[in-house]
Amino acid sequence: MTKAVKFGGTSLADGNRIRHACSIVQADAERRFMVVSAPGKRYAQDEKVTDLLYRLYEEEQNRNELLDRIFERFAGIVQQLQIEFDLEAERRKIEETLREGCNVDAIVSRGEYLNARITAAYMGWPFVDAANLIRFRENGRLEEALTYHVAKSVLEEYECAVIPGFYGSGPNGVIRVFSRGGSDVTGAIIARAVEATVYENWTDVTGIMSADPRVIENPHAVHYISYRELRELSYMGASVLHEDAIFPLKNTGIPIRVCNTMEPEKEGTWIVARYPVDRGSHPVTGIAGKKGFSNLQIEMAMMNTQIGFGARILEIVANHGISYEHTPTSIDIMSVIADTKAMDPHRNELIMEIDQEFHPDRIFIEDNMSLIAVVGEGISANVGVAARVLQSIAEAGINVRMIDAGCSELNIIIGVNDCDYEKTIRALYQGLYEFL
Ligand code: ASP
């Protein structure tokens, strides 16, 4: 039995935390493959090593000072762990890479690289470079099949290993990184490659919360959540795990366990393909949302008889490079809801183009809409969840601008004014408490 484990930057921010993370790994012989992030923040005002590395690449005039700060962090770690490690040589390599003129990824990946080398030295485990396991295409996308194949055949040779997260290599061995927080994706890839029984993602929170703790005081942690539910919640702003971390595991059935490094005895959250327990009495898994959406609304009599109308509107939206979230329609009205940041630069052209082509009765864009999703695999099988959602909002005196419940009934999405965002989440959390 093999477990792949990944530790986030906060859990590895200094030598003592690394020692604690290693003790968690050593406490279970099945934890054989350890993926690490770069050192994160030690305290609220601290800077993550990855952020310092981005600055190192961008701020040419501050390079010496930034290198000093980065290597002071690593020197502190090496000292706390009481190991021998030649940091001077590593600093020279980075200086040389910068002088030669490299891509930004070659620099920002060094936080993970060094943290993994140091952790491996402390553990007495082999270090396996992610550049030899994870492959990117020229366009920066993961070369999935090749990656799983290469990672599997390389790691088969190891009893255990420490692997840096966040990066891999592209054509000609050029270092490429995932988007920020991408060590979660590395962990998932490694879990798949070694056919792990579980992918443990160790972080600084007690699993996934049923609502945003910045809005709801002490929301309860979710025990089980399905991949589908997590996708819905994470795209709505609940971010514990990188949103791409699920894809490598989706069809494998390997569960992800999100656990808190500070409370290793707690169960945390299990992210699973299917629930192992009867969820009948807990149809709702979580509530999440995001502010800042715009609604492009087109009203035209007899719209429903114009075949291809909707397709053409979406084509115009797509031609402006806008990705939309929802398209609620009624017989003569079509709405396209998208992030305001994406829609805003194109608002005049959008209105003009649609107006010229269709001469609708009314066309306008309204801003300041929040979307809030109530998510749960059990919503479809339980009577009364939707009623309770609307009742809770009505009782709080909140005006609903949009309701969208897909046929899958995995979620119910409510659009409200941005100024009602927090109030709506609170009303829903309270109103749905017994379903959570
Ligand atoms: N260190 C990288 C970041 O800060 C990747 C990660 O930690 O997952 O985004």
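Every number for a ligand or one of its atoms is a count from 1 in the order of the listing. Residue numbers run from 1 in the order of the sequence given.
- Listed by atom number, the atoms of ligand 1 under 4.0 Å from Ser37 heavy atoms are 6 (C), 7 (O), 8 (O).
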Per-pair distances, 0.1 Å, donor-acceptor, side chain in residues 163-172, under 3.5 Å, sequence neighbours excluded:
unit_1, atom_1, unit_2, atom_2, d
Tyr167, OH, Asp129, OD1, 2.5
Ser169, OG, Ala131, O, 2.8

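- The shell of residues lying under 4.0 angstrom from ligand 1, judged by heavy atoms, excludes Gly165.
- Side chains of Thr206 and Glu263: a donor on one and an acceptor on the other come within 3.5 Å.
- Counting heavy atoms only, Ser183 comes closest to atom 8 (O) of ligand 1 of the residues Ala38, Ala245, Ser183.
- Defined by atom type and a distance below 3.5 Å, a donor-acceptor pair is missing between the side-chain atoms of Asp204 and Asn260.
- With sequence neighbours left out, the side-chain hydrogen bond (donor to acceptor under 3.5 Å, both in side chains) criterion links Glu65 to no other residue.
- In terms of polar-atom proximity, defined here as any N/O pair under 3.5 Å, Gly9 makes no such contact with ligand 1.
- For ligand 1, the polar-atom distance check against Lys6 finds no nitrogen or oxygen pair separated by under 3.5 Å.
- Distances from ligand 1 to the non-hydrogen atoms of Glu112 include at least one value under 4.0 Å.
- A donor atom on one side chain and an acceptor atom on the other are not found under 3.5 Å apart for Thr269 and His223.
- Using a 3.5 Å distance cut-off with no hydrogens or angles, the side chains of Ser11 and Arg17 do not pair a donor with an acceptor.
- The closest protein non-hydrogen atom to atom 3 (C) of ligand 1 is Arg180 NE, 3.3 Å.
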